[in-house]
Amino acid sequence: NGVSSDMYGSFVMYPIVNILDHKLVEGGLKNMYVADVELSLFVKQIKTNSEYGFCNIVLKGTGNNLENAIKNAISKIDVRSNIYTAFLSESKNKIKEYYLSNKSSIINNAMSLSQLGKYEEAIASLMVYPETLEGYNEIITTATNLYMQLQNKICDKIIKDAQGKVALK
């Protein structure tokens with residue numbers, strides 16, 4: 001559904017699977033297990049534990065044992081279902097809104113981290129901002145400036161170490 005991330009971010013999508021009911025159906029040549037499984041998907045922000053999306057669906061599966069019945073139920077997930085499309089679209093819009101309304105806070109947090117000498121952490125906190133959103137240029141400009149500050153800090157340290165070694169001959 002066009003939703004993915006290729007780097008660490010502050011949002012996560014995770015499933016919870018619950019077995020609602022299971023029973024053994026006896027008869028015929030083989031006994032069969034029938035399982036009703038509830039799949040719940042959540043989108044949450046890791047830092048605040050705030051929920052940005054929720055989806056719930058009940059699946060039914062069969063198999064020669066309970067484990068296979070559950071696997072069969074999960075294999076019947078239709079990833080092209082409108083339920084998932086709506087869930088992902090709604091979650092994506094809420095996440096976009098979060099980033100747009102918190103862009104200044106994200107930049108301020110990065111600047112505070114850089115003042116503490118935590119340049120790598122500051123740059124990483126900026127890089128989770130989606131490049132497709134308005135304001136990304138401001139994020140990249142800030143990240144570039146912080147990277148240059150980090151380079152200057154590293155270069156100053158190397159120069160001071162070299163001067164110390166020259167002084168000691």
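One-based numbering along the sequence shown.
Annotation: side-chain hydrogen bond (donor to acceptor under 3.5 Å, both in side chains) contacts involving residues 99-116, sequence neighbours excluded, comprise K103-E138. Residue pairs meeting the salt bridge (Lys or Arg N to Asp or Glu O under 4.0 Å) criterion with at least one partner in residues 160-169, sequence neighbours excluded, are K157-D161. For the salt bridge (Lys or Arg N to Asp or Glu O under 4.0 Å) condition, the pairs that include at least one residue of residues 30-50, sequence neighbours left out, are D36-K60.
Atom SG of C55 sits about 6.5 Å away from atom CD1 of I57, to the nearest 0.5 Å. Note that CG of N65 is 9.5 Å distant from CE of M32, once rounded to the nearest 0.5 Å. Taking CD of E67 as the start and CG of N72 as the end, the distance is 12.5 Å to the nearest 0.5 Å. To the nearest 0.5 Å, atoms OH (Y119) and CG (N152) are separated by 8.5 Å. Atom CG of N93 is separated from atom CG of L88 by 11.0 Å, given to the nearest 0.5 angstrom. The line from OG1 of T62 to NZ of K71 is 14.0 Å long, rounded to the nearest 0.5 Å.
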Give the C-alpha distance, both sets of side-chain angles, the deciding distance and a yes or no for side-chain contact (heavy atoms from CB on, under 4.5 Å) between F11 and Y98.
CA-CA 11 Å; F11 291 91; Y98 164 81; 3.5 Å; yes
Report the C-alpha distance between V37 and V58 in whole Å, list the side-chain angles of each, state the deciding distance to 0.1 Å, and finish with yes or no for side-chain contact (heavy atoms from CB on, under 4.5 Å).
CA-CA 6 Å; V37 177; V58 176; over 6 Å; no
Quick one: do Q149 and K153 satisfy side-chain contact (heavy atoms from CB on, under 4.5 Å)? Show the steps, please.
CA-CA 6 Å; Q149 289 175 24; K153 180 183 170 186; over 6 Å; no
From CA spacing to verdict: side-chain contact (heavy atoms from CB on, under 4.5 Å), K23, Y33:
CA-CA 6 Å; K23 54 188 155 209; Y33 281 85; over 6 Å; no
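Hydrophobic cluster membership differs between V17 and L20, with clusters built from Ile, Leu, Val, Met, Phe, Trp and Tyr side chains linked at under 4.5 angstrom. Taken together through direct or relayed side-chain contacts under 4.5 Å among Ile, Leu, Val, Met, Phe, Trp and Tyr, M148 and L150 form parts of separate hydrophobic clusters. In terms of hydrophobic clustering, with Ile, Leu, Val, Met, Phe, Trp and Tyr side chains grouped at heavy-atom distances under 4.5 Å, V34 and I70 are assigned to different clusters. Criterion: ILVMFWY side-chain heavy atoms under 4.5 Å apart, direct or through other members. Under it, L116 and I154 are not part of a common hydrophobic cluster. V79 and M13 fall within the same hydrophobic cluster, defined by Ile, Leu, Val, Met, Phe, Trp and Tyr side-chain heavy atoms under 4.5 Å apart, directly or through other members.
Distance alone, capped at 3.5 Å, places no donor-acceptor pair between the S89 side chain and the A86 backbone. Here the side chain of S81 pairs no donor or acceptor atom with the backbone of I77 at under 3.5 angstrom.
A heavy-atom distance below 4.5 Å is found between the side chains of N18 and I16. Taking the side chain as every heavy atom from C-beta outward, V12 and V43 never approach each other to under 4.5 Å.
The nearest pair of heavy atoms linking I74 to L59 is CA-CD1, 4.3 Å. Across all non-hydrogen atoms, the minimal contact from L39 to Y84 is CD2-OH, 3.8 Å. Minimum interatomic distance between P15 and L41 (heavy atoms only, all atoms of both residues): CB-CD2, 3.7 Å.
Scored by the ring pair (Phe, Tyr, Trp, His ring centres under 6.0 Å) test, F87 finds no partners at all (sequence neighbours excluded). Contacts of F54 classified as ring pair (Phe, Tyr, Trp, His ring centres under 6.0 Å), with partners at least two apart in sequence or in another chain: F42.
Counting non-hydrogen atoms of other residues, nucleotides and ligands closer than 6.0 Å to CG of N82 gives a total of 12 or fewer.
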I'd like a table of donor-acceptor pairs (distance under 3.5 Å, sequence neighbours excluded) in which one partner is a side-chain atom from residues 120-133, with atom names and distances.
| from | atom 1 | to | atom 2 | distance (Å) |
| --- | --- | --- | --- | --- |
| S125 | OG | A122 | O | 2.7 |
| Y129 | OH | E134 | O | 2.7 |

